[in-house]
Amino acid sequence: QVQLVESGGGNVQPGGSLTLSCQVAGIFKPSDISDMAWYRQAPGKKREWVADILSDGIGRYSASVKGRFTISRDTAKNIIGLQMTGLTPEDTGVYYCNNRAGVWGQGTQVTVSP
């Protein structure tokens, strides 16, 4: 069964940058990870979609992060990355990796504050 493990979260000041990683592990088929996504959940709010990357490598982004975040895929290492720049306090939350088929990671906390 496919497993997703996020890492790279932390505390950063406004305007700073972080890069998150989602390591795909376990037993899986290529189709299990063909389309991958990042979501986030801020305190007291619903989980929201942030970005996804399709099998063709094309990334799509929510309006709130477009131009600041970049999603990537390292096929050899089975890692889905999320490079985040120009962070604001509104980007604070737990970031989750998802394989578009019901599998979620445990999440990694991102806190943006002065």
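Looking at Thr88 and Pro14, their side chains never come closer than 4.5 Å, going by heavy atoms from C-beta outward. Looking only at side-chain heavy atoms (C-beta outward), Ile80 and Trp38 come within less than 4.5 Å of each other. The shortest distance between side-chain heavy atoms of Val24 and Asp32 does not fall below 4.5 Å. Two residues are said to be in side-chain contact when any heavy atoms from C-beta on lie closer than 4.5 Å; Val5 and Gln106 meet this criterion. Inter-residue side-chain proximity for Tyr96 and Asn98 is flagged as unmet; no heavy-atom pair is nearer than 4.5 Å. Using a 4.5 Å cut-off on side-chain heavy atoms (C-beta onward), Val110 and Met84 make contact. Counting only heavy atoms from C-beta outward, the side chains of Ser17 and Gln83 never approach each other to under 4.5 Å.
The backbone N or O of Gly107 lies less than 3.5 Å from a partner atom in the side chain of Glu6, making a donor-acceptor pair. In terms of modelled atom types and a separation under 3.5 Å, the side chain of Ser55 and the main chain of Ser34 share no donor-acceptor contact. Using a distance-only test at 3.5 Å, with no hydrogens or angles considered, a donor-acceptor pair links the side chain of Gln23 to the main chain of Lys77. For the pair Trp49 (side chain) and Ala51 (backbone), a donor-acceptor distance under 3.5 Å is present.
Rounding to the nearest 0.5 angstrom, the gap separating the CZ atom in Arg40 from the OG atom in Ser64 is 4.5 Å. Put simply, CG on Asp35 and CZ on Arg60 are 8.0 Å apart, with the number rounded to the nearest 0.5 Å. For the atom pair Ile33 CD1 and Arg73 CZ, the distance stands at 6.5 Å (nearest 0.5 Å).
Minimum interatomic distance between Leu4 and Asn99 (heavy atoms only, all atoms of both residues): CD1-N, 3.9 Å. Of all the heavy atoms in Gly59 and Ile71, the pair that sits closest is CA-CG2, 3.8 Å. In terms of heavy atoms, Met36 sits closest to Cys97 at CE-SG, 3.7 Å. Between Thr108 and Gly8, the shortest heavy-atom contact is OG1-N, 4.1 Å.
The one candidate from Ser72, Ser7, Ser21 that meets the side-chain contact (heavy atoms from CB on, under 4.5 Å) condition with Ile79 is Ser21. Put simply, the residue from Asp91, Thr92, Leu87 that forms a side-chain contact (heavy atoms from CB on, under 4.5 Å) with Val12 is Leu87.
No chain of hydrophobic side-chain contacts below 4.5 Å, direct or via other Ile, Leu, Val, Met, Phe, Trp or Tyr residues, connects Leu82 to Val94.
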Yes or no on side chain to side chain contact (heavy atoms under 4.5 Å, CB included) for Asn78 and Phe28, after CA distance, side-chain angles and deciding distance? CA-CA 11 Å; Asn78 291 319; Phe28 58 91; 3.5 Å; yes
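Classified by interplanar angle (parallel below 30°, tilted 30° to 60°, perpendicular above 60°), the ring pair Phe69/Tyr95 is tilted.
Ser113 and Thr111 form no side-chain donor-acceptor contact under 3.5 Å, judged by distance and modelled atom types alone.
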